[in-house]
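Report on one structure; see the data block that follows.
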2 protein chains.
Amino acid sequence: MKYQREILKQVSGYVPGEQPKPGERIIKLNTNENPYPPSPRVMEAIAAVGADGLRRYPDPNAVELRKTAAELYGFAGPEWVIAGNGSDELLAMIIRTFVDPGETVWSAYPTYSLYDTLVKLHGAKYASVDLDREFRMTPEFFTRQGRVFFLARPNAPSGVSSPKAEVEKLCKSFPGVVVIDEAYADFDEDDCMDFPRRFENAIVTRTFSKSYSLCGLRAGLAFARPEIIAELMKTKDSYNMSAVSQAGATAALRDQAHMRANRDKVIATRARLTRALREMGFTVPDSKGNYVLARWGGRPDTKGIFTGLRERKIVVRYFDARNLTDALRISIGTDAETDTLLAAIREIVK
Amino acid sequence: MKYQREILKQVSGYVPGEQPKPGERIIKLNTNENPYPPSPRVMEAIAAVGADGLRRYPDPNAVELRKTAAELYGFAGPEWVIAGNGSDELLAMIIRTFVDPGETVWSAYPTYSLYDTLVKLHGAKYASVDLDREFRMTPEFFTRQGRVFFLARPNAPSGVSSPKAEVEKLCKSFPGVVVIDEAYADFDEDDCMDFPRRFENAIVTRTFSKSYSLCGLRAGLAFARPEIIAELMKTKDSYNMSAVSQAGATAALRDQAHMRANRDKVIATRARLTRALREMGFTVPDSKGNYVLARWGGRPDTKGIFTGLRERKIVVRYFDARNLTDALRISIGTDAETDTLLAAIREIVK
């Protein structure tokens, strides 16, 4: 294709997890969606946008949403927050804002594979440091040089959350911007929301897709010092968030009780699933996300279990990737879905 | 700011048109919004997304919307179409897909100022060819070399629509991709939707913000040959359009009667406003958009008229830019808003 850029010849783009066809009855445990519905206030807020809110341009600066987020998390004002069309957009914006093509961006291995894709699309170099067998950071993490370091906490697909002291060490040792991707932090026991105040190079990102059950709305937030946020505001699409996403996300933040109730159910099911899988002989690290990574050394292999589950209309995530072929990532579903899953696995592994 | 990229030091970002504060009663004729509400089917479709549609990831490929658009415009299938979070996102994606940093992107002057901003944010060079005093293309347009040429048709802020034969000449002479930005084409008498079939380098972009009254939803489309679309699909954010935007935009396309009725009202008011302004002594090129550019050589000057209107709570667009300081761009409002506007201008110019 003669109009193509050279750098895009090597890039294939991100491959999102499988989505069921409309009408297909499936237990979907492959993309870490929340099994419980979003707050009813979100649907009310979306309906309230109405004809006039749709007709007019949305607030390009999403001030109401950013103010609500700043208050909720104890930041001085909206200048500490930026809102995006999903946290994926914010990750892409961070690369465009802080990385010149040709420069290096770091992350852990294994982790969220979108970082790699976004860095390559930008014409920058992606590099990663291996986590150890228990998915812990190694001394290697604290000697890297580059413009941006992406650290998912809790990490995916392991569910392991690096100790805050280690993340602090990373912020101090890394010369560029450290992005702490807290997509799953609401399912964790602590978070790094104090880091933007403490470190000039820390950005914390959050999504509405997981704990708020709003994958379909596309909304995310990033928190950092006002100088960092101002720089990101320059590079964002001027009207990057629809009036609907702004209204829905604001309503979601204002209903913390709803989010916490769903979160608590997910955490309880996660504990039960982890226990049951371990009893069957899987190795399962303690997960702080809404998913578990289940390692398996028995028969059939994980590919076989994956296929067996697929035949029973249960979809989990199998990774054809280094150090992960012996593992399945399973999203936390409802209790009933989890019972069906466990029964199916028992059947498959005999 | 030590983490900043060198290229961002010179960029200030796009400045969107002024938005009224909540509750402020104003006649808003500055951002080319449609004065009439979107189709009621859009609101129904948005409500129908529901808790489950919000909880799940949206279709990353927006297949339903792209199929609907392909059918409506007579393309063979969805592989001729890509959907974006507003056509602004598509313009940015086109630059990222077809332009290496340092290379040149062309456009006309004057035109939509976002092109300039997006090109600079990408670290590429922005260059423009002056339109003549009647906003027509000159022979200079057909000798340019570069990766992308943005041509808004109808153009903003003039409302002038270049003859299709000239756009064809541009597609043939320009060695890179020619983007025909048809944000306002529904208000025009013809369009270039046949160009993607005829020219391998033509991309036509459309928005839902103008004729469909959906600025707040953020939805846009681009049409081009499948090879071009495939390349754009690589660089787009994986879930760039919310389930809500996809559903709303699809419903809007399916209610052509609603769009046409609003469009016809806007065109009738445009004719009346043009006539009245000319009678007062303004020079107004025939506009094919939902706005007119009114040039003025009298007293007070256009800045004075702009300020006088602002005092009367009417906002139009004044451009502090070369060749445009003697002009105001006025969006087409309702008939009542237009009457109020005309009375106010008469008062201001005595």
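Letters A, B, ... are given to chains in the order of the sequence lines, protein chains preceding strands, and every chain is numbered from 1. Because the structure is predicted, anything quoted here is derived from the model rather than measured.
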Nearest non-hydrogen partners of Pro38(B) and Ala51(A), listed with the distance: CD-O, 3.6 Å

Validation row: Ile46(B), Val49(A) side chains within 4.5 angstrom (heavy atoms): no

Part of Asn201(A) within contact of chain B (heavy atom distance under 4.5 Å): both

Winner by heavy-atom pair count (cut-off under 4.5 Å) against chain A, out of Gly86(B), Pro37(B), Ser39(B), Pro35(B): Pro35(B)

pair Arg218(A)-Tyr57(B): side-chain heavy atoms closer than 4.5 Å: yes

Listed once per pair and sorted, the salt bridge (charged side-chain N to carboxylate O under 4.0 Å, His left out) pairs that draw on residues 239-249 of chain A, sequence neighbours left out: none

Which portion of Met233(A) sits near chain B, non-hydrogen atoms under 4.5 angstrom: neither

All side-chain contact (heavy atoms from CB on, under 4.5 Å) counterparts of Glu103(B), not counting sequence neighbours: Val99(B), Asp100(B), Arg147(B)

For chain B, the option from Glu6(A), Gln4(A), Met43(A), His122(A) that forms the most heavy-atom pairs under 4.5 Å: Gln4(A)

Greatest number of heavy atom pairs closer than 4.5 Å to chain A - which of Gly50(B), Cys215(B), Pro58(B), Ala243(B): Cys215(B)

Spacing of Leu114(A) atom CG and Tyr239(B) atom OH [to the nearest 0.5 Å]: 10.0 Å

Side chain, backbone, both or neither of Leu121(A) within contact of chain B (heavy atoms, under 4.5 Å): side chain

Engaged part of Pro175(A) at the chain B interface, taking heavy atoms whose separation is under 4.5 Å: backbone

Side chain / backbone / both / neither for Lys236(B) at chain A, heavy atoms under 4.5 Å: neither

Nearest non-hydrogen partners of Leu8(B) and Thr235(A), listed with the distance: CD1-CG2, 3.7 Å

Shortest non-hydrogen separation from Asp237(B) to Leu118(A) and the atoms involved: OD1-CD2, 4.4 Å

Contacting region of Lys120(A) [heavy-atom separation from chain B under 4.5 Å]: neither

Selection from Val148(A), Val42(A), Ile228(A), Thr31(A) maximising heavy-atom pairs under 4.5 Å formed with chain B: Thr31(A)

Student check: side-chain heavy atoms of Glu89(B) and Glu89(A) closer than 4.5 Å: no

Side-chain donor or acceptor of Arg55(B) paired with backbone N/O of Asn34(A) under 3.5 Å: yes

Interface residue of largest heavy-atom contact number with chain A, from Gly176(B), Gly248(B), Gly123(B), Pro40(B), under 4.5 Å: Gly176(B)

Residue part contacting chain B, namely of Tyr36(A), when any heavy atom lies under 4.5 Å: backbone

Contact check, side chains of Glu200(B) and Tyr3(A), non-hydrogen atoms, under 4.5 Å: yes

Nearest-0.5 Å distance that lies between atom CZ in Arg96(A) and atom CZ in Arg96(B): 3.0 Å

Whether over 12 other heavy atoms sit under 6.0 Å from Lys234(B) NZ: yes

Residue selection (most heavy-atom pairs with chain A, distance under 4.5 Å) from Asn240(B), Asp88(B), Thr97(B): Thr97(B)

Contact summary for Pro101(B) and Arg5(A), nearest pair of heavy atoms: CD-NH2, 3.2 Å

Heavy-atom pair count under 4.5 Å with chain A, highest-scoring of Ser245(B), Ser242(B), Ala47(B), Ala92(B): Ser242(B)

